[in-house]
Amino acid sequence: MENNGVNWDEVVNFFSKKYILTRASFMNSTASVDGDKINVKLSAKGKFMLLQKNVDKTVSDFLFNSTGKRYSVEFFEPPVEEITMERDNMEDNIVRNILLENQKAVENQSAPVEKPKKPKTFKSTSSINSES
């Protein structure tokens with residue numbers, strides 16, 4: 001996003017290095033400028049933490065220093081259903097990849113040559129007394 005001199009990628013890079021706690025929250029986030037307001041759509045949960053640490057005000061100050069214009073910053077989290085679906089899809093992909101790797105490994109192995117087994121013999125430990 002580059003609107004009104006605001007480059008969101010630069011903001012994300014700066015804050016990810018300067019404030020480590022924002023790295024996970026800002027990863028894959030998008031932002032849009034709406035007048036004097038910047039709407040940041042987060043890709044994961046973290047809005048509460050960002051607001052507790054006043055990151056919205058810190059981002060606003062950073063943008064004021066770099067662009068000369070004061071913006072208010074608002075964070076939006078994805079709905080819980082989207083996060084759950086993404087996690088389920090990732091787990092499904094991991095399981096599918098493991099199964100495919102196992103199947104390929106089995107196909108790549110040559111069938112082992114079986115050694116002939118010796119017939120088992122049983123020795124009687126008890127003797128049967130038979131009367132003649």
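These numbers were taken from a predicted model, which means no experiment stands behind them.
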For F62 and F14, take the angle between the two ring planes, folded into 0 to 90°, and tell me which bin it lands in: parallel under 30, tilted 30 to 60, perpendicular over 60. parallel
Distance (rounded to the nearest 0.5 Å) between K41 NZ and E77 CD: 12.0 Å
Please round to the nearest 0.5 Å and tell me the distance separating atom CG of L50 and atom CZ of F75. 5.0 Å
Pairwise distance CG(L99) to CD1(I94) - rounded to 0.5 angstrom: 12.0 Å
Minimum side-chain heavy-atom gap V73-K37 below 4.5 Å: no
Donor on one side chain, acceptor on other, W8 and S29, under 3.5 Å: yes
Is there side-chain contact between V11 and V59, with heavy atoms separated by less than 4.5 Å? yes
Using modelled atom types only, decide if a donor and an acceptor are shared between the side chain of S60 and the backbone of S72 within a distance under 3.5 Å. no
Counting C-beta onward and ignoring hydrogens, is there a side-chain heavy-atom pair between F26 and V55 closer than 4.5 Å? yes
Run V12 and R23 through side chain to side chain contact (heavy atoms under 4.5 Å, CB included) and show every step you take. CA-CA 8 Å; V12 170; R23 183 176 298 169; over 6 Å; no
Do L42 and K47 come within less than 4.5 Å of each other through their side chains, counting heavy atoms only? yes
Let me check something: do L51 and F15 share a hydrophobic cluster, defined by ILVMFWY side-chain heavy atoms less than 4.5 Å apart, either directly or through other members? yes
Looking only at heavy atoms, which two atoms of G46 and S25 are closest? And how far apart? CA-OG, 4.0 Å
Spell out, yes or no, whether M27 and Y19 are grouped together once hydrophobic residues are joined by side-chain heavy atoms under 4.5 Å, including indirect joins. no
So if you build clusters from Ile, Leu, Val, Met, Phe, Trp, Tyr with side-chain heavy-atom gaps below 4.5 Å, do I38 and F76 land together? no
Could you state the interatomic distance from CG (L100) to CZ (R96), rounded to the nearest 0.5 Å? 8.0 Å
CD-CG distance between E74 and D56, expressed to the nearest 0.5 angstrom: 9.5 Å
Within-4.5 Å side-chain heavy-atom neighbours: T22 and K53: no
